[in-house]
Protein chains: 2
Amino acid sequence: MSRVAYVNGRYELYGEAGVHIDDRGYQFADAVYEVIAVIGGRLLDEEPHLDRLERSLRELAIAMPMTREALKVVLRETIRQNRVRGGIVYIQISRGVAPRDHGFPKDTAPSLVVTARRIKGASAAAVNDGVGVITVPDIRWSRADIKSTSLLPNVLAKQTARDAKAFEAWQVDENGFVTEGSSTNAWIVTKDGELVTHPADRSILNGITRLGVLAAAKRQGLKIVERPFTVEDAKNAKEAFLSSTTSHVLAVVSIDGKAVGNGHPGETTMKLRQAYLANFGLAGGEFR
Amino acid sequence: MSRVAYVNGRYELYGEAGVHIDDRGYQFADAVYEVIAVIGGRLLDEEPHLDRLERSLRELAIAMPMTREALKVVLRETIRQNRVRGGIVYIQISRGVAPRDHGFPKDTAPSLVVTARRIKGASAAAVNDGVGVITVPDIRWSRADIKSTSLLPNVLAKQTARDAKAFEAWQVDENGFVTEGSSTNAWIVTKDGELVTHPADRSILNGITRLGVLAAAKRQGLKIVERPFTVEDAKNAKEAFLSSTTSHVLAVVSIDGKAVGNGHPGETTMKLRQAYLANFGLAGGEFR
């Protein structure tokens, strides 16, 4: 875990780092966040993450607590103080502290929390053998494109997956389409060789890794189709995989207990994982 | 505001009362809450509020942090220390503090925060002249029946109402039906004299005041129909009103700028307000 946390202007010992009980992040989930991978001491795709952070804030009319340049300094200092070479840096910004009342408070400064910690990332087994997913109804609000802390449905979906010994839960909308996982984006490669993922509309979070994978696929000359796919489409696909900041790209080898393809990570998936990482000059995706 | 807050076993000065940055309430909205009215030093409908609190916790598999009897002692002590005779007591319970990870942590104790503060309640003008509401799309998750802190859509709806100089925003589902307000339940009285409100399914929070109003209506021999109604139904209704812990019953005299009925509080509404309050031995709804 983080040893030192940045909280509203101060670097505090993790164990003592708190926010006020009337912080709107605590009472209303009136807050946004980002998680950025740190590998070899370097932040992966920092600018796109900060672009998305600023977009989320704009959508909720929350001000940036400081300039982007100042925030980048805080990220680096938090990473340094926690001696993280391989791990993540976590940023959370809420609308701030005010006596509880649903509407926006006036003249309240946003709260900023930054932590950094070492993580191991996906296990070698997950990378080499792939992982299983289950499907659950997508019960989230209609603005999943905003990276808010309104994550209770994601929490419940992830726990349902764990209870089923699965790595992830793919959320399925009312029309039977897979939107995304509880903390990852969802992809398939059809038998025709098309790379398919849900379009980045309001029903999914436009993953920064998702964008990196799309760019890698383009470089490889793959046929990319951003359209919703059904659970049946996925079960009948040649390959399936998921993407996220901490998993990069992981093959999905079973869906609701049914093997995808031959039940092993697909060739396109593994090439995309390599191509995604190679773009950062990385041979493997280990957090070190 | 609260002068003293109960936080995880201790009574703390409000200004210094905090929760850990890794509290799941802060990072995931993995928490539930209740607001109970205090009038004349007495808690209104305390048992139904605590019943609902325990139900919300059960739905999310969060443990009660203490017995109900112990919690009742904490509520009273917090009210006493804040010298509240007329106001509210606020209870929030989260799944607790754990390093950030979507799934449920193991062996983590839930966090409990209790605050109490004086409030004035609805103004005499709001009670006597009624209030206006606007309508907005209901963009919430599918489990509005759980009183969770996943309230970001409610925050946005309330702010949209304030920007429009309205008291409340009525949320409208994909089929055109009014579910409920951002922090209140929604009601109409049809021209046939039927009292109509949305059934207590997963798309609304089953207000404790809602239940009190239903009981009052039953005592008055009103024809009660729990069914969804449309915005058009509401605009063409004889009367409309809203209910909540802090507003009790307030006439809705305009919807999206269009007058309901004759544009004044309806007779049935005002009688229901009186009957609801009379059940607590109260003549008026002032928080004192």
Side-chain angles (χ1 to χ4, degrees), chain A residues 1-2 5 7 12 14-31 33 35 59-61 88 90 92 94-95 99-104 113 115 117 137-143 146 148-163 174 182-183 202, chain B residues 1-2 5 7 12 14-31 33 35 59-61 88 90 92 94-95 99-104 113 115 117 137-143 146 148-163 174 182-183 202:
Chain A
M1 63 182 62
S2 209
V7 184
E12 301 181 356
Y14 171 80
E16 298 165 10
V19 290
H20 195 267
I21 53 169
D22 271 357
D23 192 296
R24 293 177 61 92
Y26 199 55
Q27 294 182 330
F28 292 113
D30 194 4
Y33 73 103
V35 180
E59 291 294 315
L60 301 179
I88 52 167
Y90 175 83
Q92 181 167 339
S94 84
R95 200 180 302 278
R100 188 175 185 280
D101 179 35
H102 286 67
F104 300 169
V113 172
T115 56
R117 61 178 161 126
D138 191 338
I139 60 170
R140 297 173 303 163
W141 73 319
S142 310
R143 292 303 305 273
I146 300 172
S148 83
T149 57
S150 216
L151 290 169
L152 183 50
N154 306 62
V155 162
L156 299 177
K158 186 73 89 184
Q159 186 58 35
T160 302
R162 299 231 171 123
D163 290 343
E174 291 173 338
S182 70
S183 64
R202 291 185 168 189
Chain B
M1 63 184 61
S2 208
V7 183
E12 301 182 358
Y14 171 80
E16 298 165 8
V19 290
H20 195 268
I21 53 168
D22 271 357
D23 192 295
R24 294 176 62 91
Y26 199 56
Q27 295 183 328
F28 292 114
D30 194 4
Y33 73 104
V35 180
E59 291 293 316
L60 301 179
I88 52 167
Y90 176 82
Q92 180 167 339
S94 84
R95 199 181 303 278
R100 189 176 184 278
D101 180 33
H102 286 66
F104 301 167
V113 171
T115 56
R117 61 178 161 126
D138 191 339
I139 61 170
R140 297 174 302 163
W141 73 319
S142 310
R143 292 303 305 274
I146 300 172
S148 82
T149 56
S150 214
L151 290 169
L152 183 50
N154 306 61
V155 162
L156 299 177
K158 186 73 88 185
Q159 186 58 34
T160 302
R162 299 230 170 124
D163 289 343
E174 291 174 337
S182 69
S183 65
R202 291 186 167 189

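Atom set for the values below is all heavy atoms of this structure, side chains included, hydrogens, waters and symmetry mates excluded. So you know, we letter chains A, B, ... as the sequences are listed, proteins then strands, and number each from 1.
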Exercise for the section: Could you tell me which portion of Arg100(B) (side chain, backbone, both or neither) has an atom closer than 4.5 angstrom to a non-hydrogen atom of chain A? Expected result: both

Exercise for the section: Can you tell which part of Phe104(B) gets under 4.5 Å to a heavy atom of chain A, answering side chain, backbone, both or neither? Expected result: both

Exercise for the section: Check the pair Asp30(A) / Leu151(B) against side chain to side chain contact (heavy atoms under 4.5 Å, CB included), numbers first and verdict last. Expected result: CA-CA 7 Å; Asp30(A) 194 4; Leu151(B) 290 169; over 6 Å; no

Completion exercise
When the 4.5 angstrom heavy-atom criterion is applied to Thr160(B) and chain A, the contacting part is neither

Practice task
Kindly indicate, with the supporting measurements, whether the criterion side chain to side chain contact (heavy atoms under 4.5 Å, CB included) is fulfilled by Trp141(B) and Leu156(A).
Solution key: CA-CA 12 Å; Trp141(B) 73 319; Leu156(A) 299 177; 4.0 Å; yes

Practice task
Would you name the heavy atoms of His102(B) and Asn154(A) that are closest together and state the gap between them?
Solution key: CD2-CB, 3.9 Å

Handout entry: salt bridge (charged side-chain N to carboxylate O under 4.0 Å, His left out) partners for Asp101(A), two or more places apart
Key = Arg162(B)

Completion exercise
Minimal heavy-atom distance between Ala29(A) and Ser150(B), with the atoms involved, is CB-CA, 4.3 Å

Problem - Side chain, backbone, both or neither of Gln27(B) within contact of chain A (heavy atoms, under 4.5 Å) - result: both

Handout entry: His20(B) side chain to Tyr14(A) backbone, donor-acceptor under 3.5 Å
Key = yes

Handout entry: Interface moiety of Val113(B) toward chain A, non-hydrogen atoms closer than 4.5 Å
Key = side chain

Fill in the blank from the handout: Per-residue tally against chain B (heavy atom, under 4.5 Å) across Ser94(A), Gly103(A), Ala157(A), Ala5(A) peaks at Gly103(A)

Handout entry: By side-chain hydrogen bond (donor to acceptor under 3.5 Å, both in side chains) - contacts of Ser183(A) (at least two apart)
Key = Lys158(A)

Practice task
Please work out which of the three classes, parallel, tilted or perpendicular, describes the rings of Tyr26(B) and Tyr26(A), given edges at 30° and 60°.
Solution key: tilted

